[in-house]
Protein chains: 2
Amino acid sequence: MTTTISHVTGAAPGSPSAPPTPERLSATGEGLRRALDGPFHDLKQRWRDTVTATDVVRDPAWSMEEAREWVLEKMLALVGRGFLTAGFPAAQGGNGTQAESVAQFEMLAMGDLSLTIKSGVQHGLFGGAITNLGTTWHHETFLPGAMQGTLTGCFAMTELGHGSDVQSIETTLTYLPDSDEFEVHSPHPLAHKAYIGNAARDGRWAAVFGQLIADGENQGVHVALVQIRDDDHQPAPGVTIGDQGHKGGLLGVDNGTIGFDHVRIPRRQLLNRYGGINDAGTYDSPIASKNARFFTMLGTLVRGRICVGGGAASGARKALSIATRYALRRTQFRMPGLGPEIRLIDYQTHQRRLLPNIAKAYAYGFAMNDLMEQLQRVTDAHGADPAAARELESRAAGMKATLTRWATDTIQECREACGGAGFLSENGITLVRQDADVFATFEGDNTVLLQLVAKSLLQGYAQTWGDMDLRGTAQATARMVGEAVVEHTTGRALLDRLIASAARRPEAAQLRARGWHVSVFQDRERHILQSLARRMRAASKAPAADAFAATNACQEHMIAVATAHIDRVVLEAFTAAIERVGDPYVRSILIQVCDLYALTVLEENKGWLLEHERIDNTRAKAISQAVLDISAALSEQAIALVEGLGVNEEWLNAAILR
Amino acid sequence: MTTTISHVTGAAPGSPSAPPTPERLSATGEGLRRALDGPFHDLKQRWRDTVTATDVVRDPAWSMEEAREWVLEKMLALVGRGFLTAGFPAAQGGNGTQAESVAQFEMLAMGDLSLTIKSGVQHGLFGGAITNLGTTWHHETFLPGAMQGTLTGCFAMTELGHGSDVQSIETTLTYLPDSDEFEVHSPHPLAHKAYIGNAARDGRWAAVFGQLIADGENQGVHVALVQIRDDDHQPAPGVTIGDQGHKGGLLGVDNGTIGFDHVRIPRRQLLNRYGGINDAGTYDSPIASKNARFFTMLGTLVRGRICVGGGAASGARKALSIATRYALRRTQFRMPGLGPEIRLIDYQTHQRRLLPNIAKAYAYGFAMNDLMEQLQRVTDAHGADPAAARELESRAAGMKATLTRWATDTIQECREACGGAGFLSENGITLVRQDADVFATFEGDNTVLLQLVAKSLLQGYAQTWGDMDLRGTAQATARMVGEAVVEHTTGRALLDRLIASAARRPEAAQLRARGWHVSVFQDRERHILQSLARRMRAASKAPAADAFAATNACQEHMIAVATAHIDRVVLEAFTAAIERVGDPYVRSILIQVCDLYALTVLEENKGWLLEHERIDNTRAKAISQAVLDISAALSEQAIALVEGLGVNEEWLNAAILR
Ligand SMILES: Cc1cc2nc3c(=O)[nH]c(=O)nc-3n(C[C@H](O)[C@H](O)[C@H](O)COP(=O)(O)OP(=O)(O)OC[C@H]3O[C@@H](n4cnc5c(N)ncnc54)[C@H](O)[C@@H]3O)c2cc1C
Ligand SMILES: Cc1cc2nc3c(=O)[nH]c(=O)nc-3n(C[C@H](O)[C@H](O)[C@H](O)COP(=O)(O)OP(=O)(O)OC[C@H]3O[C@@H](n4cnc5c(N)ncnc54)[C@H](O)[C@@H]3O)c2cc1C
């Protein structure tokens, strides 16, 4: 099947390459980088210090076959150096926490997104399913190989017919008591697994999602390990594999379809941590409700979603680094009167295109750090805090949708900001653009995920104040938005103090007062949630025939509340992170960056804020002007700011920067 | 060099293929298509009736080499069938008007954008430069070959150092009186021509832009025909050609660099319609001012810009056709209570993603038709109406920027709206996405073009009311916006009548009153232009050292006025086009589509409208609700609406629709 000798470098995988040229960072850039890396600084710095562009940067001109080969090879090489094995149980040789495995993903994503997704499928999804849904036997039998990449695996959830609606997948895992086996079967072509990474070329095993049928009863979606290729790397008996071929990006990932024709597997290959067939041959689960069981299982897989948001953001950071560095060198048009030529970065429009996105890169980066720590806390609680687990899922969904949307738009902006050069593959941006595109879709389609966030917010709402009158609801919501989520991300006391201090300041000074930003962000979320809850309550009273129409009419409203929620969570994370920065100069810059983030979001929502009388005309105009002014001011710090984004300069690999 | 036998079909270029399967359109779809094709219906229908997917649809998985070969071959085949030769002088065998050449470009762009750009470079840019800047000898000598594609040519304007700032290019065309030749020279590496289509592989000649130096004096940018490859297809002596290789898209177009090392060409190879060396050996031009000369020459090349906007819109129409048809078949999630599965098109969010973009596709299509007719009028005037020519240039710049921005965003939305399937190359959207990307950059970068529009609006303003006081200026602007541009696109009387009738209607009915839309669009443009003019006047009084800073601070304001201007022009074009539709049912649908276009634009500008008290809170909320309601209503007509967009169903070539 695949060669282990590189066609690119001629080096065997795992062989050490010369360390990267050490970067020479400005002191401010170094300080910003430490701040943004946060708790993961040492880990991330180890990547920068020891992983070269040759290890992780792909040639954008390679064909699909070349890309696939390179990706597998480089993944194995990194594993050999101990890089991609965080998040596995220590007993099996895992060498880092769950949070650290996300940080590794973020770093690798600054190199190449195909390589990242390949490892994401192998280690994160396949390995993660075994880790989280399997028991000791599965861990001992499969994890060492999964981790080392000798046992290549797929995560086979999606089917041609059902993607977003996982609960309706049609593959069956039917228990056969006579032989004590499961029969894995695709009842018709649309039930074939689809888009499955690692399936088309490399994968030998798959974690297959299907409806568990025992004794004629459907126990809902479960996962079993199925060998899909035999030792000669041919499809295993009863397994049909299709190659989905060329894609709009991620050419290094071999996505394919998998069909099962009455394939039999031993009972113990079911990943049975949350339910399975006991020795008596009957179905058994610690979780009684099918629905709860399904969501519990899916919940343990939340890390993939967190990774995808972080990975997309890494791609955007890389594109921003290239475009900003280019804008500092490239000139076009002369100053009036045959003066010197003007640098792109000095144009107001160019500042407006780049700096607010740099500010968002910081904001989302700090919020990601919080999310990763939250993931770690939930992991460490081992199921003891279901409320925290639910909140993590909702946060992960919202962050994934927000970061991937922003990343795609930002990378595109960077492409265009480099003019014709941005379109040449040798300058690196178009590859990131193409690879990051699908991040909006996989690990949960963004539109679907934002609705999940809204539902979870509404649930919290309904549980607590289900039967209150309108006035009571309003007060309660106010408290909830002010408290619930905040407590986990940052000190409430800090935010309360900022809000109170902003309220005491004169009108004109509020524009740059963090407390004012926080209170407007909170207020926006609160108001949208309240009005949505009111509409949804009315919708829930519609007659059955109109039930879909009634809730469907609230979909855009749901998207709006989810967006407002994540905006607030991000601002609060940024605010809290600044408190932790010691260096006063770095801190002063981050305060401006946070101002720019907050005001950019307020400007984007100007229509809503005016419509709901949260700001008046004068304030609205002042916000737009402030976005321009801060962008201009921060453009003086452009190099330090992109250094802070943390992408090794060598990895940028853009011809225009050489 | 290139083979003339296809590696794909085995057929020689020009050989007829079986005609496409006739489409079965709904009556409404047919009517909408006729309306949107407008004056170009017969021409466009000829394409649909006789050009197959094999003729114009590329396999997205092909390598750069395969794509380049296919593109050249298919272009020659279409030329052989008389398809791409509109716009050339009839004396040389041209078979259509300038306007028709744009309509051809739009049709071809529904097939494949690489093929379109290849022909755009060969016929539109290379052929167009000779047609418009050359004289009889050039026409007779070069046009037949340029048209047939036997004389392959480049349009070599951009240099590595100067793209947007064409006036500063550094290639020199120095007249040598002793030998009566020009010397073509690149004084240093950054003066090499860059991104030049047709250069890397196929082009034998190039229309080279350079500073004409005669008798030691620089007469500004002129264009000369230079042979860049000899008869063996090797770079001609003194010419260095580079291949810019893999790009983010347009793999079928061979972009490259060209350098000149003291290359000599006969005097008559200068395209000397607007200036050249006379028989006495001195420089001569009908246009005295260097600046005016430059802009006149560039102005004659406006068609390329018009084509690019239209071509991008064709790509978006294709993507919308695929995504909408898919949304009508694909279901996901069940109705409450295990009801039937829900079609994507029935989701409110999905309607919101697709329908407003379909409405824009119509709006921009009607405005393109007007623009093409405007191009024809200016061409037919043969320079007799310089004001109309200037207005055409400004309109072309604004339309190009607006349509390409919208196209890129819309194609991306369509990709995502198809979920995972949208990312598979076999479903056609990612190819369009990648190819259309650079349309934001070439034929003028969008940010630069929108500033041109603003400058042209300000110029009209300054010329007429340069010395008025504020009050006078306001009144005059009001008149100007109400008149100037409108007269060319549509009957003023119609608009006045609509505005008057809207004003008489009750508040609540205004939301769907075209006259109200038109008056708000006009008012928005007027207000932004007025305030910009005021700021620019103040800026012009700044001391020389601050001149750049002063005008730079107005850049975002300039972008805003250009956008408002094009929004209005488009709405007026749509309004007038509806008047010309006879069929009352088709007309009633177009009225809703136009409502949706107008309200979508108003919603996008809600912040501005509220900030400037053009609407109140109630109206603002009603606008958003109306966008959702009309989108839902029109989703019932989705098939007819995409049929109307005019892309042959066979050309969609998407696996998910088979
Ligand atoms: C490159 C790639 C790699 C992948 N890797 C894997 C893998 O390794 N393993 C795996 O199991 N899967 C994988 N997937 C599948 C991926 O997770 C799915 O594509 C994704 O979940 C979306 O499902 P779908 O494609 O069926 O889209 P659909 O669910 O059909 O959605 C299509 C569109 O409809 C919209 N929509 C759907 N439902 C609603 C609703 N209720 N309200 C509003 N709008 C709605 C969505 O927004 C979307 O735009 C991969 C996909 C790709 C493209
Ligand atoms: C695929 C492709 C094909 C092409 N084909 C041809 C061809 O056949 N012939 C040919 O002559 N050229 C061709 N071009 C070149 C193309 O026309 C130029 O790329 C384009 O004009 C932009 O110039 P530039 O690349 O130098 O960008 P720059 O002018 O350097 O612009 C870079 C960025 O700076 C911004 N910027 C520049 N000036 C300003 C300003 N004053 N204010 C604010 N922002 C500003 C722009 O918005 C842009 O984002 C092609 C380019 C590509 C990519």
Side-chain angles (χ1 to χ4, degrees), chain A residues 60-61 63 158 162-165 168 194-195 244-249 332-337 339 342 346-349 352 408 412 415-416 419-420 422-426 430 433-434 437-438 440-442 445-447 544 547-548 552-553 555-556 559 606-607 610-613 617 620-621 628, chain B residues 60-61 63 158 162-165 168 194-195 244-249 332-337 339 342 346-349 352 408 412 415-416 419-420 422-426 430 433-434 437-438 440-442 445-447 544 547-548 552-553 555-556 559 606-607 610-613 617 620-621 628:
Chain A
S63 70
T158 306
H162 293 94
S164 300
D165 183 10
S168 299
Y195 316 110
Q244 292 185 296
H246 200 276
K247 303 187 299 293
Q332 199 70 194
F333 294 104
R334 287 193 183 285
M335 291 278 183
I342 301 158
D346 293 326
Y347 285 113
Q348 185 186 52
T349 45
R352 182 69 184 77
T408 289
Q412 181 64 25
R415 199 304 278 149
E416 295 177 25
F423 197 60
L424 300 183
S425 299
E426 64 178 22
T430 54
R433 175 68 191 73
Q434 291 172 10
D437 177 338
V438 75
T441 299
F442 63 19
D445 168 272
N446 285 354
T447 305
F548 170 69
N552 194 41
Q555 270 197 323
E556 284 289 325
I559 305 292
K606 200 190 253 194
L610 285 162
E611 191 175 292
H612 295 83
E613 291 170 1
N617 312 4
K621 286 176 191 163
L628 295 175
Chain B
S63 70
T158 306
H162 293 94
S164 300
D165 183 10
S168 300
Y195 316 110
Q244 292 184 295
H246 200 276
K247 304 188 296 293
Q332 200 69 195
F333 294 103
R334 287 193 183 285
M335 291 277 183
I342 302 158
D346 293 325
Y347 286 114
Q348 186 186 51
T349 45
R352 182 68 185 77
T408 289
Q412 180 64 26
R415 200 302 281 149
E416 296 177 24
F423 197 59
L424 299 183
S425 298
E426 63 178 22
T430 54
R433 175 68 191 76
Q434 290 172 10
D437 176 339
V438 75
T441 299
F442 64 19
D445 168 90
N446 285 355
T447 305
F548 170 69
N552 194 41
Q555 268 197 326
E556 284 289 325
I559 305 291
K606 200 189 252 191
L610 285 161
E611 191 176 294
H612 295 83
E613 291 170 3
N617 310 4
K621 286 176 191 163
L628 295 175

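The sequence lines fix the lettering, A, B, ..., with proteins before strands; numbering per chain opens at 1.
Of the atoms belonging to B:Ile559, it is side-chain heavy atoms, and not backbone ones, that fall under 4.5 Å from chain A. Residue contact with chain B, scored on non-hydrogen atoms closer than 4.5 Å, involves the backbone and the side chain of A:Leu424 alike. Contacts between B:Pro60 and chain A at a heavy-atom distance below 4.5 Å involve the backbone alone (N, CA, C, O). When heavy atoms are compared at a cutoff of 4.5 Å, B:Tyr195 approaches chain A solely by way of its side chain, counted from C-beta outward. With a 4.5 angstrom heavy-atom cutoff, A:Asp445 touches chain B only via side-chain atoms. Neither the backbone nor the side chain of B:Ser63 has a heavy atom closer than 4.5 Å to any heavy atom of chain A.
With hydrogens and angles ignored, the 3.5 Å screen pairs no side-chain donor or acceptor of A:Gln348 with any backbone N or O of A:Leu628.
Here CD of A:Gln434 is found 3.5 Å from CD of B:Gln434. Values are rounded to the nearest 0.5 Å.
Here the closest non-hydrogen pair linking B:Phe548 and A:Pro336 is CB-CD, 3.9 Å.
Note: A:Thr441 leads A:Asn446, A:Thr430, A:Thr441 in heavy-atom pairs under 4.5 Å with chain B. With chain A as partner, the option from B:His162, B:Arg352, B:Gln332 having the largest number of non-hydrogen pairs under 4.5 angstrom is B:Gln332. Listed options B:Gly248, B:Gly607, B:Gly420 were ranked by heavy-atom pairs under 4.5 angstrom with chain A; first place goes to B:Gly248. With chain A as the partner, the residue from B:Ile342, B:Thr158, B:Asn552, B:Thr447 showing the most heavy-atom pairs under 4.5 Å is B:Asn552. Ranked by heavy-atom pairs shorter than 4.5 Å toward chain A, the options B:Arg415, B:Glu426, B:Gln244 are led by B:Arg415. Most heavy-atom pairs under 4.5 Å with chain A, from the set B:Ser164, B:Ala547, B:Gly419: that is B:Ser164. Taking B:Ala544, B:Ser425, B:Gly245, B:Ala620 one by one and counting their heavy-atom pairs under 4.5 Å with chain A, the maximum is reached by B:Ser425. The most heavy-atom pairs under 4.5 Å with chain B, out of A:Gln412, A:Glu613, A:Met335, come from A:Gln412.
Looking at heavy atoms from C-beta onward, A:Tyr347 lies in side-chain contact with A:Phe333 at the 4.5 angstrom threshold. In this structure, the side chains of A:Arg433 and A:Thr408 come closer than 4.5 Å at one or more pairs of heavy atoms.
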